[in-house]
Chemist: 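Before anything else, here's the structure in question.
Hydrogens, waters and symmetry mates play no part in the numbers below; they use all other heavy atoms, side chains included. Just so it is clear: chains get the letters A, B, ... in the order the sequence lines come, proteins before strands, and each one is counted from 1.
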There are 2 protein chains.
Amino acid sequence: MSKSNNVYKDAFNRCLRMLDESRSLPSEPELGTLLGVSRTTVRSILSRMEETGLIDWNKRSKTVLRAPREEDFFPEEETDSLAEIIERSFMRRLLAGGAEAGMQINELELAREIGVGTTSVREFLIRFSRFGLIEKRRNSHWVLKGFTRAFALELTEIREMFELRSAAAFVALPQESAVWADLDRLEVEHRQLAGEIATRFNEFSELDERLHRLIHRASHNRFIVDFYDVIAMIFHYHYQWNKAEERQRNEVAIQEHLAYIAALKSRDPAKVDAACRKHLKSARQTLLSSIPEGRQAQPA
Amino acid sequence: MSKSNNVYKDAFNRCLRMLDESRSLPSEPELGTLLGVSRTTVRSILSRMEETGLIDWNKRSKTVLRAPREEDFFPEEETDSLAEIIERSFMRRLLAGGAEAGMQINELELAREIGVGTTSVREFLIRFSRFGLIEKRRNSHWVLKGFTRAFALELTEIREMFELRSAAAFVALPQESAVWADLDRLEVEHRQLAGEIATRFNEFSELDERLHRLIHRASHNRFIVDFYDVIAMIFHYHYQWNKAEERQRNEVAIQEHLAYIAALKSRDPAKVDAACRKHLKSARQTLLSSIPEGRQAQPA
DNA sequence: AAAATGTTTTTTCCCGATAAAAGACATTAC
DNA sequence: GTAATGTCTTTTATCGGGAAAAAACATTTT
C-alpha cells in the first residue's frame, strides 16, 4: 500500500456534487480543469460513475442517469491527503497540552502513532519547520519550541510590520486595479455576516483570511505573501481549539474590518494606518490572552 | 548503500587536525562534544586511529604515536553530507544559466543526475522552497521562479525592514550585554582585514555574515533571525559565481561596516539608521547590478 | 485541423528495509 | 560515587520498489 488514492476519491466526491446540476457532463479535459486533476483521474472517476449506474458513458456522451445518493460518496476521511492527516495529528498533540517547550520530537514514534511511514512524517516536519515552532538538531531529533507567549509576540511583530506596509501599498494601487472590486465584494460579505452574526459567527475566520490575504498581496513581495501562511496556520488551529468568546470576538473583528475597509477605500494613508493598527492590536490581544501564562519556553 | 558515513569521515578528519597539538587525547564524551558527534562515532574514529597506528588506545589512555600524514585523511569530497551535495548541484544548475523562470523541476531527473535517491531530492526541495525560488504544484512538479530582478528586490525589501529594526533594537541593549564585546571583536577583525585587503579580500563574506547575524539576533525574533538564512544562501552562491570587482566591492563594504559599527557603538539611533541605510543601499546595488537584465520572470 | 478520446510512459508519493549515528543502559576504573 | 568505558537499543538518513496520478503520445471524431 504505497500511495492512497485520496486525490481520486476527493475529486470523485466533488464531481458527484456537480452531477445533479446538469444533465450531461463536459469533455474529459474540461472536467480535469474543473476538478483540478489530471485526465487520468477524470477517467477513473467516469469509470466508477458508469459502474455504479450514475452515468451512461460512451466516448463523448456522458449522460447523467440518476441523482447521486448518500452511499455513492466516499467517506470524508478517505479524501484527506496524508500531509493533512499528519498535520492534524501533530497539531492536536501540540495544542492538547502536555507539549512542553524543549520536548523532543521522535519521527519514528510519530509515524507509528499516526500509522504512516517515516518518510511522510519527515517531510511534514521539514515543511512545518518554517512556522518556527520546531527546530532540527543536525543528525538528531527535532526540538519543540512550543506555542508560547514569546512565539505569539514574535509572530505578531512581523505581522504588524508586513500588514502596515501592505496596506500602505494597497492604497497606492491605481483605481483600475481589480483589488478594488475584490474589496467591495468583501465589504458586502462582511455586512451580510454582521447582520446574521448570531448564527453564522463561525464563518468569520474564512472571511478574515481572505481580507488579509488580499491586502498582503498588494505588497507584491513573496516573502510577505508567504508569511501569511504562518499566521493562517496558527489562527486555524488555535481558534479551532480555543472557542471561548468566539462570537463576541468575531463581532468586534467584523466591525474593525469594516472600518479598515472604509479607510482603504478613502485612500487616505493616515486613516488606513490608524485602522490597521487598531485591528492588529486587538488581534494580538486576542491571541495573547488565549495563551496560558504557565506555558513558557525553557531557557536554551 | 543506505547511508553514507560522512559524519564519521568528517569528524575523523577534524580529529586528525587536533592530533599533533597534544600528546594524548581527552575522554570519549569530551571528544564527542569537541567534534559535535556522538560517542559511537568517536569510538569509530579512535578504532581507526588505532588501526592505522596513529594512536595507542587502551581504555582511558589514548597516546598519540605519530603526526598525521596526508594519506591519513579521508578525501574532502567524502565528508560532505548528501544535503550539501544536492544543494551544490542544484545551485550550480540554477546559476549556470539556462535556468529560465517558469521551468519545471523534475525530482526523478535531478536524483538520477546527481546519483542519489528521490527521497533526498524531495526533502531538499521542500527545505529549499522557503527561499522563495521554487514553488510546488500540488500533486505535480516544482516550478522554478528564477533568480530574477524581482526576487532580488523582494529579498532586499525585507532585509532592509528587518535589519533597520534589529539595529534599532541593538542600540537599546544594556551595556552589560555580551553583544558589545562581540561587536568590539568584529571591529578588530574588520580593521585587520582592511589592512591586508589586497591578499585576503575573499575572507570578507564570512565576516559580513557574522556581523549581520549578530545584529539580527538583537531583534529577539525568530522570524527575523531565520530570514538571514535566505540572505546568506543567496550571497553565498551568488558571489561564488559572480567574482567581478570582488576586491573593490569588499573594500567598500568593509568601510561601510566600520562606519556602521561606529554608529552602533555611539548608541545614537539616528546615526545607526543612517549608517545602516547607507550600507544596505550599496549592498542592494551590488546584488542588482549582478543580475542580467534579460533574465526576467515569465508572467504567471 | 482542432479537440476529443484511447493508450503508454513518466513522475510523484509513500512504504518497508538497512546501515550509520545517536542514545540508553550496564559495568568498570579512579 | 562520579565519570569513564563497554555493550546494547533506538532513531535517523537513505535507498529501491510499487501504486496513484500526471503527462505525453497516438488515434479517432467532428
Side-chain angles (χ1 to χ4, degrees), chain A residues 1-11 26-32 35-47 57-62 81-83 85-86 104-112 115-126 136-142, chain B residues 1-11 26-32 35-47 57-62 81-83 85-86 104-112 115-126 136-142:
Chain A
M1 196 254 280
S2 31
K3 191 184 181 181
S4 92
N5 54 354
N6 69 81
V7 171
Y8 154 69
K9 287 177 177 171
D10 179 57
S27 75
E28 294 172 12
E30 207 169 324
L31 270 172
L35 296 166
V37 294
S38 74
R39 203 156 68 79
T40 308
T41 304
V42 168
R43 296 185 114 241
S44 309
I45 293 169
L46 292 173
S47 290
W57 182 27
N58 190 281
K59 304 197 169 170
R60 272 151 220 250
S61 99
K62 313 177 192 70
S81 75
L82 240 205
I85 294 169
I86 296 173
Q104 295 188 196
I105 297 165
N106 187 317
E107 288 176 6
L108 205 58
E109 189 188 314
L110 257 179
R112 273 194 295 249
V116 298
T118 46
T119 314
S120 316
V121 170
R122 279 174 69 77
E123 287 182 6
F124 164 75
L125 291 171
I126 296 169
K136 177 94 178 120
R137 293 286 138 85
R138 207 172 119 81
N139 286 319
S140 181
H141 53 264
W142 290 85
Chain B
M1 200 255 282
S2 28
K3 192 184 182 182
S4 92
N5 54 354
N6 69 77
V7 172
Y8 154 69
K9 287 178 176 171
D10 181 56
S27 75
E28 294 173 13
E30 207 169 324
L31 269 172
L35 296 166
V37 295
S38 73
R39 206 157 66 82
T40 308
T41 305
V42 168
R43 297 187 113 241
S44 310
I45 292 169
L46 292 174
S47 290
W57 181 27
N58 189 281
K59 306 202 169 164
R60 272 153 220 246
S61 100
K62 312 178 192 73
S81 76
L82 240 206
I85 294 169
I86 296 173
Q104 290 185 201
I105 297 165
N106 188 318
E107 287 176 6
L108 205 58
E109 189 188 313
L110 259 179
R112 274 194 295 249
V116 298
T118 48
T119 314
S120 315
V121 170
R122 281 174 67 77
E123 287 182 7
F124 164 75
L125 291 171
I126 296 169
K136 176 96 178 118
R137 292 285 137 86
R138 210 174 117 82
N139 287 319
S140 182
H141 53 263
W142 291 83

Chemist: Between C:dG16 and A:Thr118, counting only base atoms on the nucleotide and side-chain atoms on the residue, is there a donor-acceptor pair under 3.5 Å?
Modeler: no
Chemist: Can you name the closest pair of heavy atoms from A:Val121 and A:Glu107 and give their distance?
Modeler: CG1-O, 3.9 Å
Chemist: Give the rounded distance in Å between these two atoms: CG of A:Asn106 and P of D:dT9.
Modeler: 18 Å
Chemist: Taking the nucleotide of DNA chain C with the closest heavy atom to each, which residue, A:Leu82 or B:Ser4, is nearer the 5' end?
Modeler: A:Leu82
Chemist: Looking across every strand, which nucleic acid part, if any, lies under 4.0 Å from B:Thr119 by heavy atom: base, sugar-phosphate, or nothing?
Modeler: base
Chemist: Let me know the distance between CZ of B:Arg39 and P of D:dT7, rounded to the nearest Å.
Modeler: 11 Å
Chemist: Got a donor-acceptor pair under 3.5 Å from the side chain of A:Lys3 to the base of C:dT12?
Modeler: yes
Chemist: Rounded to whole angstroms, how far apart are CH2 on B:Trp57 and P on D:dT5?
Modeler: 8 Å
Chemist: Heavy atoms only, 4.0 Å cut-off, all strands: where does A:Arg112 land among base, sugar-phosphate and nothing?
Modeler: sugar-phosphate
Chemist: One pair to check against side-chain contact (heavy atoms from CB on, under 4.5 Å): A:Leu46 and A:Leu31. What are the steps and the verdict?
Modeler: CA-CA 10 Å; A:Leu46 292 173; A:Leu31 270 172; 4.1 Å; yes
Chemist: Heavy atoms only, 4.0 Å cut-off, all strands: where does B:Ile86 land among base, sugar-phosphate and nothing?
Modeler: nothing
Chemist: How many angstroms lie between OG in B:Ser38 and CZ in B:Arg43, if you round to the nearest 0.5 Å?
Modeler: 11.0 Å
Chemist: Pick base, sugar-phosphate or nothing for A:Thr40, based on heavy-atom distances below 4.0 Å to the nucleic acid.
Modeler: base
Chemist: Specify the separation, in whole Å, of atom CG of A:Leu125 and atom P of C:dC14.
Modeler: 14 Å
Chemist: What does A:Arg138 touch in the nucleic acid at a heavy-atom separation under 4.0 angstrom: a base, only the sugar-phosphate, or nothing?
Modeler: nothing
Chemist: Regarding B:Lys9, tell me which of base, sugar-phosphate or nothing describes its non-hydrogen contacts under 4.0 Å with the strands shown.
Modeler: nothing
Chemist: Grab the CH2-C1' distance between B:Trp142 and D:dA23 for me, whole Å please.
Modeler: 19 Å
Chemist: Go nucleotide by nucleotide along DNA chain C from the 5' end; which of B:His141 and A:Arg43 gets its closest nucleotide reached first?
Modeler: A:Arg43
Chemist: Specify the separation, in whole Å, of atom CG of A:Leu108 and atom C1' of D:dT14.
Modeler: 14 Å
Chemist: Looking for any heavy atom pair under 4.0 Å, which part of the strands does A:Ser44 touch: base, sugar-phosphate only, or nothing?
Modeler: nothing
Chemist: Could you check how far CD of B:Glu107 sits from P of D:dC15, rounded to whole Å?
Modeler: 14 Å
Chemist: Assign B:Ile105 to base, sugar-phosphate, or nothing according to its heavy-atom contacts below 4.0 angstrom with the strands shown.
Modeler: sugar-phosphate
Chemist: Can you check whether any acceptor in the base of D:dT14 is under 3.5 Å from a donor in the side chain of B:Ser2, or vice versa?
Modeler: no
